[in-house]
Colleague: 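Got a structure for you, written out below as structure tokens; questions coming shortly.
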Amino acid sequence: KAGVTQTPRYLIKTRGQQVTLSCSPISGHRSVSWYQQTPGQGLQFLFEYFSETQRNKGNFPGRFSGRQFSNSRSEMNVSTLELGDSALYLCASSPESYEQYFGPGTRLTVT
Amino acid sequence: AQTVTQSQPEMSVQEAETVTLSCTYDTSESDYYLFWYKQPPSRQMILVIRQEAYKQQNATENRFSVNFQKAAKSFSLKISDSQLGDAAMYFCAYRSAIMGGKLIFGQGTELSVKP
């Protein structure tokens with residue numbers, strides 16, 4: 001089976017812009033979770049989608065949003081980018097929200 | 001709220017030796033899951049081992065094993081016969097059995113392996 005894929009792998013944006021990151025889960029996995037990884041805050045949970053519904057949400061401002069499509073692919077959107085949003089964004093998929101398998105991440109740099 | 005603590009920011013081990021990484025967690029729940037993930041320089045998070053809280057038997061995956069002490073809320077990872085490829089950042093993670101797919105991570109332990 002193919003692993004979790006994330007696109008793009010690298011992204012450079014300017015403050016104030018918005019960005020959309022994409023995640024394709026492992027075939028058959030219905031749960032997709034997103035995490036932000038920074039040197040200062042470590043790994044923090046953003047949100048989880050299961051069967052197109054947001055099931056869990058972390059403590060991030062409303063500028064961070066996501067969605068999941070009927071084929072389980074998920075997108076994450078960040079609006080009005082700030083310098084502090086520079087991070088590695090990791091997507092993970094799970095068959096039933098048990099163990100999670102991670103993608104390679106999207107490295108976002110905000111200038 | 002649940003928390004996960006890894007008190008060793010860095011560890012070092014000689015190739016072929018054994019090393020133990022520590023992890024403690026805090027929770028009021030009785031049913032949960034614990035994981036160790038490895039993140040090499042490529043940044044790809046790799047699942048190393050998992051433990052269900054309701055199981056008393058410690059999980060083992062080849063050279064990797066855990067020491068799960070539920071009462072003490074401790075979950076350490078033992079790597080036997082360390083290899084150069086084991087060098088990575090290791091994260092301990094907690095997942096509630098009722099709160100869906102949210103993983104709570106520790107701050108990580110950077111493991112270096114000396115030849």
Side-chain angles (χ1 to χ4, degrees), chain A residues 2-6 9-10 23 25-26 29-60 66 68 72 74 86-109, chain B residues 1-10 23 25 27 29 31-55 59-61 64 66 68 75 77 88-110:
Chain A
V4 178
T5 58
Q6 292 187 244
R9 294 292 310 280
Y10 302 91
C23 172
I26 294 170
H29 287 192
R30 296 164 65 191
S31 169
V32 174
S33 298
W34 289 88
Y35 297 85
Q36 181 196 65
Q37 186 176 22
T38 60
Q41 299 299 316
L43 282 152
Q44 293 185 290
F45 172 78
L46 281 155
F47 28 66
E48 180 207 9
Y49 286 87
F50 185 85
S51 294
E52 302 180 65
T53 301
Q54 187 180 85
R55 189 155 70 170
N56 270 297
K57 189 176 188 306
N59 296 323
F60 279 81
Q68 187 179 34
S72 293
S74 177
S86 294
L88 180 68
Y89 289 89
L90 293 165
C91 164
S93 79
S94 173
E96 291 295 338
S97 247
Y98 177 29
E99 54 197 46
Q100 297 183 9
Y101 298 90
F102 284 80
T106 294
R107 170 74 66 185
L108 171 65
T109 301
Chain B
Q2 296 86 13
T3 58
V4 177
T5 302
Q6 293 178 249
S7 58
Q8 306 153 315
E10 298 175 348
C23 172
Y25 58 94
T27 184
E29 299 177 331
D31 196 12
Y32 48 87
Y33 306 96
L34 296 165
F35 306 90
W36 278 98
Y37 281 90
K38 168 186 176 182
Q39 189 178 43
S42 67
R43 309 302 266 172
Q44 174 83 51
M45 292 282 280
I46 302 164
L47 177 64
V48 175
I49 200 166
R50 68 179 184 274
Q51 174 78 45
E52 296 88 342
Y54 62 83
K55 289 186 178 179
T60 299
E61 288 286 343
F64 299 88
V66 298
F68 173 49
F75 182 61
L77 174 70
M89 182 73 87
Y90 285 81
F91 291 97
C92 176
Y94 170 101
R95 186 206 151 226
S96 165
I98 59 173
M99 286 294 289
K102 175 181 179 179
L103 286 176
I104 300 170
F105 287 91
Q107 288 299 101
T109 296
E110 180 81 49

Colleague: How many angstroms lie between atom OG of A/S94 and atom CZ of B/R95, to the nearest 0.5 angstrom?
Modeller: 7.0 Å
Colleague: Can you tell me how far the CD atom of A/Q44 sits from the NZ atom of B/K102, to the nearest 0.5 Å?
Modeller: 10.0 Å
Colleague: Rounded to the nearest 0.5 Å, what separates atom CD in B/Q44 from atom CG in A/L90?
Modeller: 8.5 Å
Colleague: Side chain, backbone, both or neither: which part of B/R43 has an atom under 4.5 Å from a heavy atom of chain A?
Modeller: both
Colleague: Go through the atoms of B/L103 and report whether side chain, backbone, both or neither lie under 4.5 Å from a heavy atom of chain A.
Modeller: both
Colleague: Measure the spacing between CD of A/E99 and CD of B/E52 and express it to the nearest 0.5 Å.
Modeller: 8.5 Å
Colleague: Donor-acceptor pair, distance only, cut-off 3.5 Å: does the side chain of B/Y37 make one with the backbone of A/F102?
Modeller: no
Colleague: Between A/K57, A/Q37, A/R107, which shows the greatest number of heavy-atom pairs under 4.5 Å with chain B?
Modeller: A/Q37
Colleague: Checking B/Q39 against A/L88 for the side chain to side chain contact (heavy atoms under 4.5 Å, CB included) test, could you report, in this order, the C-alpha distance in whole Å, the side-chain angles of both residues, the deciding distance, and whether it holds?
Modeller: CA-CA 12 Å; B/Q39 189 178 43; A/L88 180 68; 4.1 Å; yes
Colleague: For the CG atom of B/L47 and the OH atom of A/Y101, what is their distance to the nearest 0.5 Å?
Modeller: 6.0 Å
Colleague: Need one label for A/Y35: side chain, backbone, both or neither, based on atoms under 4.5 Å from any heavy atom in chain B.
Modeller: side chain
